There are 2 protein chains.
Amino acid sequence: MQKIHSHVNRIDKKRNETDQRILEAAKEVFAESGFSGARVDEIASRAKINKATIYYHIGDKKKLYEEVLHRVIGNIAEKITVILDENGSPEEKLRLYIRTVSKTMDSNPEMAPIIMREIASGANNLPEVIPEDLLRIVGLLSRILQEGKDEGIFTEVSPLVIHLMVIGVLLFYKAGAKIHDTNVTLAGIFNIDDFKKPAEIILEIERLILSAVTGRPESSPAHNTRNTRKKGALCEE
Amino acid sequence: MQKIHSHVNRIDKKRNETDQRILEAAKEVFAESGFSGARVDEIASRAKINKATIYYHIGDKKKLYEEVLHRVIGNIAEKITVILDENGSPEEKLRLYIRTVSKTMDSNPEMAPIIMREIASGANNLPEVIPEDLLRIVGLLSRILQEGKDEGIFTEVSPLVIHLMVIGVLLFYKAGAKIHDTNVTLAGIFNIDDFKKPAEIILEIERLILSAVTGRPESSPAHNTRNTRKKGALCEE
DNA sequence: AATCAGTATAACTGATCGGTTAAAACTTTC
DNA sequence: GAAAGTTTTAACCGATCAGTTATACTGATT
C-alpha cells in the first residue's frame, strides 16, 4: 500500500475522475437508449476512454447499469428525505414535496427516462437499496397527509395515489419535454393548450394536487400569468 | 380436406390469423423487453411460426414494432374518442374519460410498458397517425374542461396537466401492478398504504381529479354514475 | 535509471441476432 | 392429378457487440 498521502490522493482523484466520466456517459446513454439499446462502445466513446477501461474501473454492462441506477434513484430519495424533514404546515410540506421532486428531476434530466423504462420492465434491475429509499419517501408523504388530515385541512386520501399522481405527471411532463422539442407535430398538439413555462406548470400541478387533497380551490402562491404561449420553450430553466 | 364454398375467405382468414398471432406475440415481447431488448426469434417462437414467416407477413423488426405501436395507441385513441362523443354533464364526462382510459389499459396490459418506453425514448418511433389521435383526445378533454368552466362547475385548469396527470397516474399504477406481484420488497412498501382493490383505486383517482378540477370535495359515487353506458365498446380484445 | 503498481489501449474473439435464401409443403385452379 | 401459386421452413450469413487479452504507458519510489 502507498505511504505518501499526496500521491494516494492524486491517484484517487484521477481514478475518481475516470469513474465519474464513465458513469456520467453511461447515464446519458442508458437514458437515451435503455439497457439493451445502449452500446458499451458508445459509452466509452462519450467518456473519451477505451472500452476496456470501463471493465477495469466499473465492471460489465450490468454492473455499470446498476451503478447508474443507484446514483439516479439514490439521489432523489436522499434529497426528498432531507427536504421533508423541514417543518411547516402540511400544505407547505406537500408543496415542498412536489417542488423538490420536480427540481431533482430538472437537475437530473436522465432520471425520468431511466426510471420510466425501469418501471416499464417490471423493475427487475432495481438494486436492493432502492425499495428502502422509496419506502422512506412514501412513508414521509403518508405522514404529511395524515398530519393534514388530523388538523382537519386534508380529506382522507390514498398516499399511494397521490404519490403516483405527482411522480406520474412530473415524469411524463419531463420526459415529454424532449418530444416537444424534436417532434413538430406533437408540439403542435400540446400547444392547443395555452401552454405554460415549466415553472408555471409546476405551480399548476401543486395547485391541482393541493386542491384535490384539501377539497378546496387552491390559489397559486405566486400570481399566474396565463397568456404566455411559448413554443418549444419547455426545456428551459 | 373438405370443400368449402369460398376458399378465398379461408385463405384470407388463415393469413389474418397468422398476422394476428405474430402481432400478438410481438406486442407481448416488445412490452416485456422494449424494442432493442426484444428478439425476433423469441417473437417467432411465441407465435409458433418460423422466423421467416414474420418477414413474409409483416416485414422487418422496425415495421413489426410500428405495427404493434399503431394497434396499441390507435386502440385507445379510438375508444376514448367514441366514448367522449356521448353527452352528459362535464363531471360525468370527465369521470367517463378517466374510466375509459383505465379500462382500455386493463384490456391491453401491454399498453402501459410500451407507451412508457416510447415516451422515455423521445417518441422517435411513433407512426405519423398517432399525433393526430393524441390531438383528438386532448382536444376533447380540453372541450370538456372548457364546458365545465363555462357552466361554472370547473375552475380554470390546464388540460395538458390534467391529461398528463390522468395518464401518468394510471400508467404508473398499471405498470406498477406487475411489480407488486413479483417484487416482494416493493409490495411491502406499497402495503404501508392501506392498499385498495384496483376498482377502488380508479374511483379514488376519479375523485381526486374531480376534486382538483371543481375545487370542491368530491365524494365517490356509490350510486352508479351513468350506467346507461354500452359496455361492449370497452371490452373488445 | 531501474523497478513496479496502477492504468489505458488496440486488437481480437466468440456469441448473438437481424435478416436472407432456396427449397419443401401446402392450396387452389384447371 | 398436375401445374401454378402461396405459405412455411431449416439452414445459413454477415454484422454487431459484450467482454478479453496482451501490451504499452505513467509516474512515483528506490
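Nothing here was measured: the structure is a model prediction, and the numbers come from that model. In what follows, chains are A, B, ... by sequence order, proteins preceding strands, each numbered from 1. Heavy atoms only: backbone and side chains are in, while hydrogens, waters and symmetry mates are out.
- By the side chain to side chain contact (heavy atoms under 4.5 Å, CB included) test, B:D106 pairs with B:S102, B:K174, sequence neighbours left out.
- Between B:T18 and D:dT7 there is no side-chain N or O to OP1 or OP2 distance below 4.0 Å.
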Heavy-atom protein contacts under 4.0 Å, nucleotides 11-22 of chain C, coded B base, S sugar-phosphate only, - none: ------SBBBB-
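- When each of A:L23, A:I49, A:I54 is paired with A:I43, the side-chain contact (heavy atoms from CB on, under 4.5 Å) condition holds for A:I54 and for no other.
- Under a 4.0 Å N-O distance rule, the pair A:E24/A:R21 does not qualify as a salt bridge.
- Within the 3.5 Å criterion, the main-chain N or O of A:F35 finds a donor-acceptor partner in the side chain of A:K61.
- The nearest whole Å value for the distance from the CD1 atom in A:I58 to the C1' atom in D:dG19 is 15 Å.
- In this structure, the CG atom of A:D19 is 14 Å from the C1' atom of C:dA8, given to the nearest Å.
- Residue B:H57 places at least one side-chain N or O under 4.0 Å from the OP1 or OP2 atom of D:dT8.
- Between B:Y56 atom OH and D:dT7 atom P there is a gap of 4 Å when expressed in whole angstrom units.
- For A:N50, the side chain to side chain contact (heavy atoms under 4.5 Å, CB included) partners two or more places apart in sequence, or in a different chain, are A:A52, A:T53.
- Salt-bridge formation is detected for the pair A:E67/A:K63: a Lys NZ or Arg NE/NH1/NH2 atom is positioned less than 4.0 Å from an Asp or Glu carboxylate oxygen.
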